[in-house]
Amino acid sequence: MPQMDILTPLNPAQREAVETVAGPMLILAGPGSGKTRVITHRVAYLIKTCGVKPHNIMAVTFTNKAAREMGERLEQLLGRTAGALTVGTFHAICARILRSEGEAMGLNPRFAIYDADDQLNVIKQSLEEANLDPKQYSPPALQSAISAAKSRLLTPEEYSQRTQSYFEEIVQRVYERYQELLRKSEALDFDDLLLDTVQLFENHAAVRDKYQSRYVHILVDEFQDTNLAQYALIRQLAGKYKNICVVGDPDQSIYSWRFADLRNILSFEKDYPEAKVVMLEQNYRSTKTILQAASDIISQNVRRKPKELWTENEAGSPVNVVESYSQEEESQFVVSEIERLVNQKRLSFKDCAVMYRVNAQSRALEESFIRYGMPYRLIGGTRFYHRQEIKDVLAYLRLIRNPNDNLSLIRIINVPGRGIGQGTLGRLQERARTQGVSLYQALKDMAAEKVSPPRIAQSLAKFSALIDELARSQELSPAELLDKLVEDSGYKEYILSKEDGEERWENVRELRNVASEYNELPPAEALDAFLEKVSLVSDTDELDGQIDMVTLITLHQAKGLEFPAVFIVGMEEGILPHRKSFDDPEEMEEERRLCYVGITRAKKHVYLLRSYRRSLFGSGIVNPPSRFMEDISPNLLATRGLWETQTKPAAVNEGEALELTAGDCVYHNRFGNGVVVDCLPTLGDQEIIVAFERAGTKKLLLSLAPLRKIEPGY
DNA sequence: CGAAAGGCTCTTTTT
DNA sequence: GAGCCTTTCG
């Protein structure tokens, strides 16, 4: 691509951000201001115009998705040379550095990476060993405190020097123990990936020099989300050339509870006084109305640098405020309004997104979508790699690769049941601790000594034989090893015998598919690569965006996305803003930013919905409208109360009062043919349960579902 | 040892 | 209302 093409599609501010290549640079990028374009074009400019080698450029993101998208766009711009760039998440880049250089600090290059669930389990063990009551000291709170310490680069020793409260005293004791357990298991948690890399660079000048010399240019996306450790890391990396370009938007900082620290943006200007600052304020995404409403809300924040966002886009339609009595009504409105948008405004389902503060809100929505038969995809929910069956199989693989991985052993030692229960496990742990060996070694010793009851000793011996046999099979490809493992261990049989066994077995098959992508590599390497990938990936790639479905998503997850139409449900005090933020002004400002992020996702249509009554956690609650709605100038709003106009969305079956009984055959617009299983009267309506030939069994509302009675035998 | 039953808690969750 | 943990019983 010639130089002109790199710069021509850019506005003056964007162009400045791309052309100023030397020295530190801070780009403050409003929503929809072409941030990704600036980053990718800057990289292209560095290579094509400035002659920088791709090998010498690093671009860091937070999510795998962002990294993948950036990689794709760079490949479009640069072709195959893009492959030599370092593009990845903080954690993936650190993991790679630690695997190749970590031995300098005594790290096994095959260290396991423990995720949040694993961490929690290790913390529970730490509590137990420290003789502390998990009821009194909640493991999640400790996990959070330890993670906070690590994010601030505090090792247990450093932490102990600054403990002030009793709680911190406890944290320190657990943190020490926790770190010890990780070390014995030759495992790192996510925070360690960052912390250890920073320490590696700090204590090993040769390694640091190597990387500092390599990375002449460094770019960081979503800089407002970095924590202290991440900022320290990029400062180390940029230590030699100081060509560091960070891009972010303080108004979209919504992860302070993950220890993202807005002060990094302020520190940046202090640490690099020569830094160039560019503001991207032109918005290419939203209508004037939407942008103004968003600005009205965010401008109420006190701790903030003012920005003047503007757009050349049309004024567009007002922001819709919709008030309903119940969340069922709210959900029904969303569904029927989307139907209307699709029919009258020529939008597709995939152009619409419904956003909410807490996952629990998704259920009411899902029910309406299912009843109406409207296609939707729920983002989040139970993530693939967090499913029990996936974690079990991965634990087997991890243990096979590294017998010192105590946590993985604990996870699967009695799955499926082998008669090795709590008591035996406790004795194993005790023995491992006193003899200073791994659990697996303790298990082998105990099996050999035959001091325990023969039945137990036999179980232990059998398990150890299984693992040894599997460990000997590492010349198999990861997929084949997985096959052998689920057969030999009896895991397949076990999982299929359980509730939802088929579905869970399907998940294991899906994992095997992922594993088979590594069949080309030499087996040992392939297993490492596979485990590395699944450790650092939180989900299988979300179904490709081509499928025409409505998106259901939390406000947090929506950051970085855009949709023609956005519905934000639960615009109520207690939900958004969440009640936990009521007594902390800083948290309240973050809630406001969350609302801002939601609204600025929209291109054309915004709906803010509130319900008078809402049932959450079983009991019904009454919430006043969200304070954020009052911040929007009234002239931008169109408000309607559902109870004034129409309480019910237009019924599909109007006119031809459909009467159904169990046994009737029906046709549904989306689900096809099915048989009515049951009819239950509900408030002024009927709930029909239909077993569809293809789509499975669904609950539908008679008045809403596009159902037609058909003759049996179709 | 393992299944079943009661009691407690419940925000967001990039890696 | 559900999931997780602990307790209890066979």
Side-chain angles (χ1 to χ4, degrees), chain A residues 60-68 88-95 113-121 124 133-135 138-141 143-144 147 150-151 188-194 221-222 224-227 229-230 252-260 355-364 379-383 385-386 388 414-426 453 455-456 459 532-539 542 553-561 570 574-582 587 590-591 593-595 597-598 615-620:
Chain A
V60 198
T61 63
F62 273 80
T63 66
N64 291 302
K65 190 161 161 252
R68 195 175 56 241
T89 64
F90 275 103
H91 293 87
I93 290 172
C94 286
I113 299 171
Y114 281 3
D115 70 11
D117 290 344
D118 301 331
Q119 276 184 56
L120 215 48
N121 287 326
K124 284 172 195 162
D133 180 6
K135 275 198 196 117
S138 104
Q143 178 191 30
S144 173
S147 181
K150 289 184 175 182
S151 304
L188 302 185
D189 65 20
F190 286 135
D191 298 313
D192 287 334
L193 293 174
L194 300 165
D221 195 10
E222 305 281 14
Q224 78 280 355
D225 290 335
T226 49
N227 63 30
Q230 286 158 336
Q252 291 185 65
S253 159
I254 52 174
Y255 283 103
S256 73
W257 49 277
R258 306 239 357 180
F259 315 112
M355 303 179 183
Y356 35 84
R357 177 67 235 265
V358 301
N359 279 311
Q361 289 172 263
S362 70
R363 176 173 299 161
I379 309 290
T382 314
R383 290 179 171 63
Y385 287 105
H386 286 257
Q388 197 186 358
N414 205 29
V415 181
R418 305 185 169 88
I420 308 173
Q422 278 301 307
T424 310
L425 184 57
R455 196 172 52 83
I456 304 265
S459 298
E532 175 94 356
K533 166 172 165 133
V534 298
S535 304
L536 291 174
V537 160
S538 66
D539 213 336
E542 303 288 353
I553 193 169
T554 64
L555 286 161
H556 281 91
Q557 290 177 305
K559 191 172 63 134
L561 306 179
I575 310 260
L576 183 66
H578 196 273
R579 54 174 42 78
K580 292 245 163 137
S581 66
F582 280 172
E587 281 182 41
E590 183 147 318
E591 296 290 307
R593 293 193 290 268
L594 197 50
C595 185
V597 165
S615 60
L616 213 52
F617 303 134
S619 58

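Naming convention: chains lettered A, B, ... in sequence-line order (proteins, then strands); numbering from 1 in each chain. The basis for the numbers below is simple: all heavy atoms, side chains too, and nothing from hydrogens, waters or symmetry mates.
- Stacking is not found between A:Trp257 and the pyrimidine-like six-membered ring of the B:dT11 base under the 5.5 Å centre-distance and 30° plane-angle cut-offs.
- Between B:dC1 and A:Gln422, no contact under 4.0 Å exists linking OP1 or OP2 to a side-chain N or O.
- Contact between the side-chain N/O atoms of A:Asn359 and the OP1/OP2 oxygens of B:dT12 is found at a separation under 4.0 Å.
- Using a 4.0 Å cut-off, no side-chain N or O of A:Asn227 falls inside it from OP1 or OP2 of B:dT14.
- A:Lys124 has a side-chain polar atom (N or O) that falls below the 4.0 Å cut-off from OP1 or OP2 of C:dC5.
- Every stem involving DNA chain B, taken as at least 3 paired positions in a row under the Watson-Crick or G-U wobble test at 3.5 Å, is listed here: B:1-10 with C:1-10.
- Counting atom types as modelled, A:Arg258 pairs no side-chain N or O with a base atom of B:dT12 as donor and acceptor under 3.5 Å.
- Across all strands, A:Gly423 comes closer than 4.0 Å only to sugar-phosphate atoms, never to a base (heavy-atom distances).
- The stacking criteria are not both satisfied for A:His91 over the base of B:dT15, which would need a centre-to-centre distance under 5.5 angstrom and an angle between ring planes under 30 degrees.
- Counting only heavy atoms from C-beta on, A:Arg363 has its side chain closest to C:dG1 among B:dT11, B:dT13, C:dG1.
- The shortest distance between the side-chain N/O atoms of A:Thr554 and the OP1/OP2 oxygens of B:dT13 is below 4.0 Å.
- Under the side chain to side chain contact (heavy atoms under 4.5 Å, CB included) criterion, A:Pro416 pairs with A:Tyr396, A:Arg418, A:Tyr491, A:Tyr494, not counting sequence neighbours.
- Residue A:Tyr255 is classed as a base contact, given a heavy-atom separation below 4.0 Å to a base.
- With distances taken from any side-chain atom of A:Glu587 to the nucleotides B:dT11, C:dT6, B:dG2, the minimum falls on B:dT11.
- Between A:Thr89 and B:dT14, a side-chain N or O to OP1/OP2 separation shorter than 4.0 Å is absent.
- Sequence order on DNA chain B of the closest nucleotides to A:Ala360 and A:Ala116 puts A:Ala360 first from the 5' end.
- Residue contacts shown for A:Asp225 include a base, since a base heavy atom lies under 4.0 Å away.
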